[in-house]
Amino acid sequence: MCRDCVKEELPDRGNMCLENGSYLWNFESCKGCGKKEPIIIANRTEQEDEDEEELVTYKHLCTICGHVIAEHTYTFRVDDEYQEYSMTCLLCGKGSDHKRIDIEGSMPNGVC
């Protein structure tokens, strides 16, 4: 990862968690070649463990020289009541979110 390639290290993205893409606003320029060309996603892997947690990782690379700008990690898991998401990336930032699972389509009283 290259701290010199980004405007801000690990910007706080609140509850935004991306499993794909790049936060280009935060890209300063490639310190390997000095260019500010579009970046590519490479070495993308998707894994699921025995607890059914999904893990997506990939690298943001300079299209000109192949310099590694950042490494991106996204996780998704389901626990008893919530879906939990998280993202960590020098370029895209850090974020986390959780959403309550709607059990059996239950609705609040009086709502059809």
Side-chain angles (χ1 to χ4, degrees):
M1 298 190 304
C2 184
R3 290 174 161 81
D4 294 330
C5 292
V6 297
K7 294 176 185 176
E8 179 182 349
E9 296 178 28
L10 292 166
D12 184 358
R13 302 294 301 276
N15 64 354
M16 182 170 290
C17 301
L18 305 172
E19 68 179 281
N20 198 14
S22 303
Y23 186 38
L24 296 177
W25 177 87
N26 195 36
F27 180 48
E28 182 71 36
S29 66
C30 174
K31 296 307 174 190
C33 66
K35 304 283 184 184
K36 188 172 181 174
E37 297 296 322
I39 57 181
I40 60 172
I41 293 172
N43 303 327
R44 183 182 166 94
T45 63
E46 296 182 33
Q47 301 171 358
E48 189 171 310
D49 66 15
E50 64 277 353
D51 296 328
E52 297 188 17
E53 179 175 288
E54 294 178 33
L55 174 65
V56 176
T57 60
Y58 57 87
K59 295 181 180 185
H60 298 281
L61 302 179
C62 174
T63 56
I64 304 299
C65 69
H67 177 73
V68 177
I69 296 161
E71 295 179 9
H72 190 104
T73 302
Y74 166 86
T75 58
F76 169 76
R77 72 183 195 95
V78 177
D79 98 15
D80 293 334
E81 295 182 37
Y82 293 94
Q83 295 177 332
E84 298 179 356
Y85 307 83
S86 67
M87 170 185 76
T88 304
C89 177
L90 188 70
L91 175 68
C92 298
K94 60 183 176 191
S96 63
D97 195 12
H98 67 277
K99 299 185 187 299
R100 188 171 179 87
I101 297 172
D102 181 20
I103 300 173
E104 296 181 26
S106 61
M107 298 294 285
N109 290 336
V111 178
C112 297

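All heavy atoms count here, side chains included; hydrogens, waters and symmetry mates do not.
T57 and T45 share a side-chain donor-acceptor pair at under 3.5 Å.
One N or O on the side chain of K36 and one on the backbone of F27 form a donor-acceptor pair closer than 3.5 Å. Side-chain N or O atoms of K7 include one that pairs as donor or acceptor with a backbone N or O of W25 at under 3.5 Å.
Between the OG1 atom in T73 and the NZ atom in K94 there is a gap of 14.5 Å [rounded to 0.5 Å]. C62 contributes atom SG, which lies 7.5 Å from atom CD of E37 (distance to the nearest 0.5 angstrom). One distance of note links NZ of K35 with OG of S29; it measures 10.5 Å at 0.5 Å rounding. Within the model, atoms CD1 of I64 and SG of C33 stand 6.0 Å from one another, a figure rounded to the nearest 0.5 Å. Separation of atoms CD1 (I69) and NZ (K59) is listed at 12.5 Å; rounding is to 0.5 Å. Atoms SG and CG, from C5 and L91 in turn, are 9.0 Å apart once rounded to the nearest 0.5 Å.
Nearest heavy-atom pair, E53 versus D49, reported as atom, atom and distance to 0.1 Å: N-OD1, 2.9 Å. A pairwise comparison of heavy atoms in I41 and Y58 identifies CG2-CD1, 3.3 Å as the closest pair. Residues L90 and P11 share a closest heavy-atom pair of O-CD, 3.7 Å. Residues T75 and L55 approach most closely at CG2-CD1, 3.5 Å, considering heavy atoms. Contact detail for C17 and M87: the closest heavy-atom pair is CA-CB, 3.9 Å. Among all heavy-atom pairs drawn from E46 and V56, the shortest one is CG-CG2, 4.0 Å.
By the side-chain hydrogen bond (donor to acceptor under 3.5 Å, both in side chains) test, E8 is found to be paired with no residue, residues two or more places apart in sequence or in another chain being considered. E48 meets the salt bridge (Lys or Arg N to Asp or Glu O under 4.0 Å) test with no other residue; sequence neighbours excluded.
Each of K99, H98, R100 was checked for a side chain to side chain donor-acceptor pair (under 3.5 Å) with E81, and the lone residue meeting it is R100.
Pairs engaging residues 13-29 under the salt bridge (charged side-chain N to carboxylate O under 4.0 Å, His left out) rule: E19-R44 [sequence neighbours left out].
Residue V6 is grouped with residue L24 when hydrophobic side chains (ILVMFWY) are merged at heavy-atom distances under 4.5 angstrom, including chains of intermediate members.
Taking the six-membered ring for Trp and thresholds of 30 and 60 degrees, H72 and H60 have ring planes more than 60 degrees apart, a perpendicular arrangement.
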